[in-house]
Amino acid sequence: MAGQGQLGRRRVLGYLIAAPTLAVGVSWIADSTETQKADAAVPSLPQPEDIFDLGDLQNLAAAATSGLITVELRTDGTAFFAVPRAEVGQGITTAFAMMVAEELDLPMDKVEIGLADARPELLMNQLTGGSNSMRSMYLPVRTAAAIARQRLLDTAAAEWGVGSGRVTARAGVVSGPGGLTATYGSLAKAAASATTLTVTAQLKSPSEFKVLGKPRSRVDAHDIVTGRKQFAMDMQVPNAKPTMVARPPTINGTLKSVNNLGALRAMPGVTDVVAIAHGVAIRADTFGQCIDAIQKVDATWGPGTVDNESDATVLAKLRAAQLPMAVPPLLSKTIDAEFVFAFASNSPLEPDCAIADVRPDSAEIWSSLKVPIVAQEDIAKQLGLPIDAVKVHVVQGGGSFGRHLFHDVAAEAADISQKMGKPVKLSWSRTDDFRHGRTHPMCTSRVRANYLAGNVLTYEQRHTSVQTDFGHGLGEMITAFAADLPVGGNLSFAETIFELSQSSPYNFGVTTQLLNEIPLKFNTGSMRNIYSPNVVCAEELVVDQLAAKMGQDPVRFRRSFLKDQRLLAVLNKAAEVGKWGKAMPKGTAQGVGVHSEYRAAVATLVEIDCRPETVNRPVRDGVTGPRVTKAVIVVDPGFCINPRGLEAQMIGGLQDAIALALTSSLHIKDGIPLEGSWDNYFYTREWNSPLDVEVVIMPNTSESPSGAGELAVAPAFAAVACAYARATGTMPTYFPINHGTLGFEPLPLQPSTPQSPTDGLDNTF
């Protein structure tokens, strides 16, 4: 396979798809890169992620069906591309519009991007996750657009009776000798093919780019700021009435009986009430009437799957399951550390929602889904229908945090619609999301580092986690391509993903990073950046401890041990821009973190204020804590498609990181989280967020993009933790650092969704 930096002006292979207007598919094999190695006294051998990472697996899985991805040209001169990925705020629709506009030589406003319905023929090429959308789709989409452009040129040349070398295309118009011109739209039908043909075209060289690599605002920005953008919750389907569910007081609790079914059905606006496995579904004229009915549900509940679990019991089980270290302290000096990371919520800002219209012989689903093919298969099986009788439409979601890798809400909507015999518009409440939705598992990371004479001889990390659910498509990829993976044996899906996503960036001698999971039946998911934020935070805190033990500055120490020249470059730039080492007041400090994943490199430098007057600022029903006052993020994404979009992704990752480090966690008691709303769950607030944020994008080091969507979370988390340790003189070992303080009065467990407040303005601050 060709190196990622060798894309160049290569000739590409594709297909003309039989269609009434021009439609083009591609043939593509994934690219791979090798990490540059630096010399060190005790070099470390490559880890599996260095050789073949999770993104390489996704690229390999996507390659087989890349020819089925098409760019269509319409008779009105516009191009349309149905993205087989999910848009949940990360801006991929803008990036794909840029690719099509570049290779087709079309203005951006002539390119329309939609979201593809579930397409079973794509097999494993319709999964959004692992920061892989740009890596896996960059070449196929450009190829399809380039072939479309070449076909238009050839069609015009044939109609004019001139050589194809004498025609050019610009801004949607083909021009020939003697002033001949034709719009793309006028050529669309003539350029179409009645049969599928193999064709070739030539991609543009980066030196010719006029769109790619240039800052662009989002294609949907105007609709977003004017309130016109349609998210999943805004979808309207005829007769699909609002529906909500009264849920049990424990996770996965079962419904034994509804004791007042008649009274519920007689309530104002209520049209239907049915029992489902884990709740009582209520359909009404308005969501407010659904909430009113939830207040009156009298149900008998059976046990859940983790009824007796709490933070303390889970932590005890994690510690009991920690894998032993392999290297004992011998003649060297040793640092041993353990870090604990609390449960964190996968709740996006838009509550989980889906529309389902299930009929005796068919079903139609609308929802924000990152793996719609798996959703289609599972829902068809659940309903007892053939797959081709179930249509699954992917709609834009208001956030994800990895939540939409799972189709729980769509499957539940389908179940309710089938039982009621009517279309439903199901919405989970925010309380449902926090208490019954997906969580990032509680975990521990133990680290042992042996060092001597200025070198690190061994580095061992043992990551122990509550079981992470990967039943959303990645598991099928691992099974299908097991022979191609650089890991073997009897590894679980989770262990395989851990090995393909985690590697130490340092030459620390003999290095091992291992995962073990305990099978507790929480509803878990791979929240943004999967394992990396916790693993990297633990490692970078230990790196700072090693630097201190050896009497070195933390940045200088990292420079001495980093393996990757790209990481060294971003670290140096961050130290320069952030003025590393400057004098700061007592109780404030700087911290740095570096990370390499998705074939990209990033360094983060932050400044934090841990002075009492900052930490103890009064906030009603909340925890304030330290404030990150400044952040510098330096990123090398290989090739940057859209600097403005990349900057937004880096800032989003920073906000995630501040939340995970300082305030964002779930408190588990008696089998359910105490958090029941965004008021209780302290994702980064303005009072913890820096006013001074700078994102520096390094010059391109490749002709293809690396992954970037989740890239900034891990190093920013680590940088905040390291800054906190330096500011307070104490290394934090339990995250978020304010988890021990419960800053709110928990909502009651029943009713599962509380009544909506009527004094909202009185509660703003």
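All heavy atoms count here, side chains included; hydrogens, waters and symmetry mates do not.
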Is any side-chain heavy atom of Val409 less than 4.5 Å from a side-chain heavy atom of Leu426? yes
Is it the case that the side chain of Ser367 and the backbone of Cys353 share a donor-acceptor pair, with hydrogens and angles ignored and the cut-off at 3.5 Å? yes
Spell out, as yes or no, whether a donor-acceptor pair under 3.5 Å connects the side chain of Ser417 to the backbone of Lys422. yes
What distance do Thr271 atom OG1 and Arg265 atom CZ have between them, rounded to the nearest 0.5 Å? 10.5 Å
Where do Gln502 and Ser532 land on the side-chain hydrogen bond (donor to acceptor under 3.5 Å, both in side chains) test, with the steps shown first? CA-CA 7 Å; Gln502 304 306 309; Ser532 298; 2.9 Å; yes
Are the side chain of His404 and the backbone of Gly399 linked by a donor-acceptor contact shorter than 3.5 Å? yes
Is the backbone of Leu662 close enough, under 3.5 Å, to the side chain of Asn738 for a donor and an acceptor to pair up by distance? yes
Charged N to carboxylate O under 4.0 angstrom, Arg430 versus Asp432? no
With heavy-atom distances below 4.5 Å as the criterion, would you say the side chains of Glu517 and Val466 are in contact? no
Test item: Thr496 side-chain N/O and Ser492 main-chain N/O as donor-acceptor pair under 3.5 Å: yes
Would you tell me whether Gln461 and Ser445 have side-chain atoms, one donor and one acceptor, within less than 3.5 Å of each other? yes
Looking at every non-hydrogen atom in both residues, tell me the closest pair between Gln126 and Ile373 and how far apart they are. OE1-CG1, 3.3 Å
Do you know which two heavy atoms are closest between Phe287 and Ser427, and how far apart they sit? CE2-CB, 3.6 Å
Tell me which one of Asp656, Thr663, Asn688 satisfies side chain to side chain donor-acceptor pair (under 3.5 Å) with Tyr683. Asp656
I'd like to know if Lys419 pairs up with Asp415 as an ion pair, taking the criterion as any Lys NZ or Arg NE/NH1/NH2 lying under 4.0 Å from an Asp or Glu carboxylate oxygen. yes
Look at the rings of Tyr531 and His463 and say which category their plane angle falls in: under 30° parallel, 30 to 60° tilted, over 60° perpendicular. perpendicular
List the steps, then state whether side-chain hydrogen bond (donor to acceptor under 3.5 Å, both in side chains) holds for Asp307 with Thr250. CA-CA 6 Å; Asp307 288 2; Thr250 57; 3.1 Å; yes
Contact check, side chains of Pro249 and Ile672, non-hydrogen atoms, under 4.5 Å: no
We want to know whether Asp292 and Gln755 form a side-chain donor-acceptor pair, criterion being a heavy-atom distance below 3.5 angstrom. yes
Nearest-0.5 Å distance that lies between atom CE in Met235 and atom CD in Gln396: 11.5 Å
Test log, rule side-chain contact (heavy atoms from CB on, under 4.5 Å), inputs Thr305 and Phe522: CA-CA 7 Å; Thr305 53; Phe522 285 89; over 6 Å; no
Distance-minimising heavy-atom pair for Cys290 and Pro242: SG-O, 3.4 Å
Are Asn680 and Leu674 close enough that some pair of their side-chain heavy atoms sits under 4.5 Å apart? no
Apply side-chain hydrogen bond (donor to acceptor under 3.5 Å, both in side chains) to Gln322 and Thr464, showing your working. CA-CA 6 Å; Gln322 290 173 341; Thr464 312; 4.8 Å; no
For the pair Arg462 (side chain) and Pro324 (backbone), establish whether a donor and an acceptor sit closer than 3.5 Å, ignoring hydrogens and angles. yes
Please check this pair: side chain of Gln513 against backbone of Glu460, looking for a donor-acceptor N/O pair closer than 3.5 Å. no
Looking at every non-hydrogen atom in both residues, tell me the closest pair between Lys425 and Ile355 and how far apart they are. CG-CG1, 3.8 Å
Do Ile387 and Gln376 make a side-chain contact, defined as non-hydrogen atoms from C-beta onward lying under 4.5 Å apart? yes
Kindly indicate, with the supporting measurements, whether the criterion side-chain contact (heavy atoms from CB on, under 4.5 Å) is fulfilled by Val245 and Val280. CA-CA 5 Å; Val245 175; Val280 182; 5.7 Å; no
CZ (Phe343) and CG (Leu666) are apart, to the nearest 0.5 Å, by 8.5 Å
Please confirm whether Arg435 makes a cation-pi placement over Trp428, using NZ or CZ under 6.0 Å from the six-membered ring centre and within 45° of the ring normal. no
Angle between ring planes, Trp687 versus Phe682, binned at 30° and 60°: parallel, tilted or perpendicular? tilted
With the threshold set at 4.0 Å, does a side-chain nitrogen-carboxylate oxygen contact exist between Lys317 and Glu309? yes
Determine the sole option in Asn346, Asp408, Asp352 for which the side chain to side chain donor-acceptor pair (under 3.5 Å) test with Arg438 is passed. Asp408
Looking at Ser429, is its backbone amide N or carbonyl O close enough to the side chain of Thr753 to form a donor-acceptor pair, meaning the two atoms are under 3.5 Å apart? no
CD of Glu350 to OG of Ser368, rounded to nearest 0.5 Å, is 7.0 Å
Asp670 and Asn308: side chain donor to acceptor below 3.5 Å: no
Least distance between heavy atoms, Leu520 atom then Val314 atom: CD1-CG2, 4.0 Å
Would you say Glu49 and Ser501 are linked by a side-chain donor-acceptor pair, where the criterion is simply a distance under 3.5 Å? no
Run Asp298 and Lys296 through salt bridge (charged side-chain N to carboxylate O under 4.0 Å, His left out) and show every step you take. CA-CA 6 Å; Asp298 177 11; Lys296 303 297 183 181; over 6 Å; no
Run the side-chain contact (heavy atoms from CB on, under 4.5 Å) test on Val542 and Glu539 for me, step by step, so that the C-alpha distance in whole Å, both residues' side-chain angles and the decisive distance to 0.1 Å come before the verdict. CA-CA 5 Å; Val542 169; Glu539 180 169 21; 5.8 Å; no
Flag for Thr444-Glu338: side-chain donor and acceptor within less than 3.5 Å: no
Give a yes or no answer on whether the side chain of Thr733 reaches the backbone of Phe339 with a donor-acceptor pair at less than 3.5 Å. no
With heavy-atom distances below 4.5 Å as the criterion, would you say the side chains of Val447 and Asp336 are in contact? no
Taking atom CG of Leu541 and atom SG of Cys722, what is their separation to the nearest 0.5 Å? 4.5 Å
May I ask you to decide if Pro673's main-chain N or O and Glu675's side chain share a donor-acceptor pair within less than 3.5 Å? no
Side chains of Val374 and Phe406: does their closest heavy-atom pair fall under 4.5 Å? no
Would Ser347 and Tyr681 count as a side-chain hydrogen bond (donor to acceptor under 3.5 Å, both in side chains) if you check the C-alpha gap in whole Å, the side-chain angles of each, and the deciding distance to 0.1 Å? CA-CA 10 Å; Ser347 301; Tyr681 186 76; over 6 Å; no
Between Phe470 and Phe493, is the ring centroid distance below 6.0 Å? no
Any carboxylate oxygen within less than 4.0 angstrom of a Lys/Arg side-chain nitrogen, looking at Arg247 and Glu412? yes
Taking the side chain as every heavy atom from C-beta outward, state whether Gln467 and Pro441 have any atom pair closer than 4.5 Å. no
Examine the side chains of Ser345 and Asp433 and answer whether a donor and an acceptor come within less than 3.5 Å of each other. no
With side-chain contact (heavy atoms from CB on, under 4.5 Å) as the test, would you mind laying out the steps for Ile530 and His440 before giving the verdict? CA-CA 8 Å; Ile530 317 181; His440 186 267; 5.9 Å; no
